[in-house]
Amino acid sequence: MLAETTVLSRGFYQRPTAEVARDLLGKILARRTPGGVVAVRLDEVEAYLGADDPACHTFGGRRTPRTETMWGEAGRAYVYLVYGIHHCLNVVTVGEGVPEAILIRGGRPIAGVDLIRRRRGAGVGSAALADGPGKLCQALAVTRQDDGVDLCESKGGITIRTDGLTVPEDAVQRLPRVGVDYAGEAADWPLRMRLSVRLR
DNA sequence: TCTAGGATCGGCT
DNA sequence: GCCGATCCTAGAT
C-alpha cells in the first residue's frame, strides 16, 4: 500500500504554515503499529500561527512544558490532550524558534481499516472512523507518548507521505477554525482547510 | 497550592 | 440540539 509513496522531507514543513496546511490535504498519514500499518488520507487541517495568533497555544510567545515541541524543529509531531479526554495531533512548521503548527483534524482511512475499526469500535461507519482530531488520534493510536516524534523519519513510526496525488485549488474549502471563539476576530480567520471533493 | 476552563466526542432528548 | 465526561495546563494566589 505504501510501497509507492515517499516520506515528505523536512523542507516541506519549513515554509509558511498556511501554505504547508494547504499542501497537507490529500497527503497520507501513516502509522506503524504492532498489528500492522494504518494510514489515512488527510482531508481536513487547521493552521495555528504562533505568537501572533490568539487561538494558538503559543500566543504572545508563551513557552511552557506543553508547548515546547512547537518551539522546536519543523516536521515533528506536537501532541496534546484536550478536555482531559482526547488527544490532538499537530505538525510543527517553519523552524526552530517559530512556534507554529497545523492541527490534523481528519482523514479518510485507506489502509489498516480493520485495525482502526477494532480500535474505534465495530459499529462505527467507515467515514466516521477518523473525521475529527480526537477520533483520528484514537484511530492511529496517537498519544502524548508521540509528542516530539520526527515525522520525516520512518523509525519514529509515524510519517506523512505523498503518492504523487495533487489537490486542485478548487477542491480546497477555506473555513473559520472550530472551537476557538475565545480568540476574538482570529476565530474567523480562514485557516481551516478541507477537501470539498473525495479523492481516491 | 488552588482553580478555571479547554483546538472534543458521543449519548440522549 | 444539548450536555456531561474527565484531567491536564496555565495562570493566579
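The structure presented is a predicted model; accordingly, all values stated were derived computationally and were not measured. Lettering follows sequence order; numbering is per chain, from 1.
Within residues 178-195 of chain A, no residue has any heavy atom closer than 4.0 Å to DNA chain C.
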Can you list the steps and then say if A:T64 with A:R66 is a side chain to side chain donor-acceptor pair (under 3.5 Å)?
CA-CA 5 Å; A:T64 65; A:R66 177 176 61 151; 5.1 Å; no
Dot-bracket for DNA chain C: what is it, with Watson-Crick or G-U pairs under 3.5 Å, [ ] where a pair crosses earlier ones, and | for a pair to another strand?
|||||.||||||.
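Take A:F59 and apply the ring-ring contact (aromatic ring centres under 6.0 Å, His included) test, not counting sequence neighbours, and it matches no residue. With sequence neighbours left out, A:T17 forms a side chain to side chain donor-acceptor pair (under 3.5 Å) with A:T93, A:E100. For A:E153, the side chain to side chain donor-acceptor pair (under 3.5 Å) test picks out no residue, with sequence neighbours left out. With sequence neighbours excluded, no residue forms a side chain to side chain donor-acceptor pair (under 3.5 Å) with A:R144. Checked against side chain to side chain donor-acceptor pair (under 3.5 Å), A:Y13 has no partners two or more places apart in sequence or in another chain.
The closest side-chain heavy-atom distance from A:P133 to A:I104 is not below 4.5 Å. The closest side-chain heavy-atom distance from A:R105 to A:V45 is not below 4.5 Å. Looking at heavy atoms from C-beta onward, A:V172 lies in side-chain contact with A:R22 at the 4.5 angstrom threshold.
Counting 5' to 3', DNA chain B first comes under 4.0 angstrom of a heavy atom of chain A and last does so at the ends given by B:dG6 to B:dG10.
Screening residues 85-95 of chain A for salt bridge (Lys or Arg N to Asp or Glu O under 4.0 Å), with sequence neighbours left out, gives no hits. Counting only residues at least two apart or in different chains, salt bridge (Lys or Arg N to Asp or Glu O under 4.0 Å) contacts with residues 127-137 of chain A comprise A:D131-A:K135. Counting only residues at least two apart or on different chains, the salt bridge (Lys or Arg N to Asp or Glu O under 4.0 Å) pairs with a member in residues 180-195 of chain A are A:E44-A:R192.
Across all strands, A:R177 comes closer than 4.0 Å to no nucleic acid atom at all (heavy-atom distances). Heavy atoms of A:R63 sit nowhere under 4.0 angstrom from any nucleic acid atom.
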Counting primed atoms plus P, OP1 and OP2 as sugar-phosphate and everything else as base, spell out the protein contacts along nucleotides 7-13 of chain C at 4.0 Å heavy-atom distance: B, S or - for each nucleotide, 5' to 3'.
BSSSS--
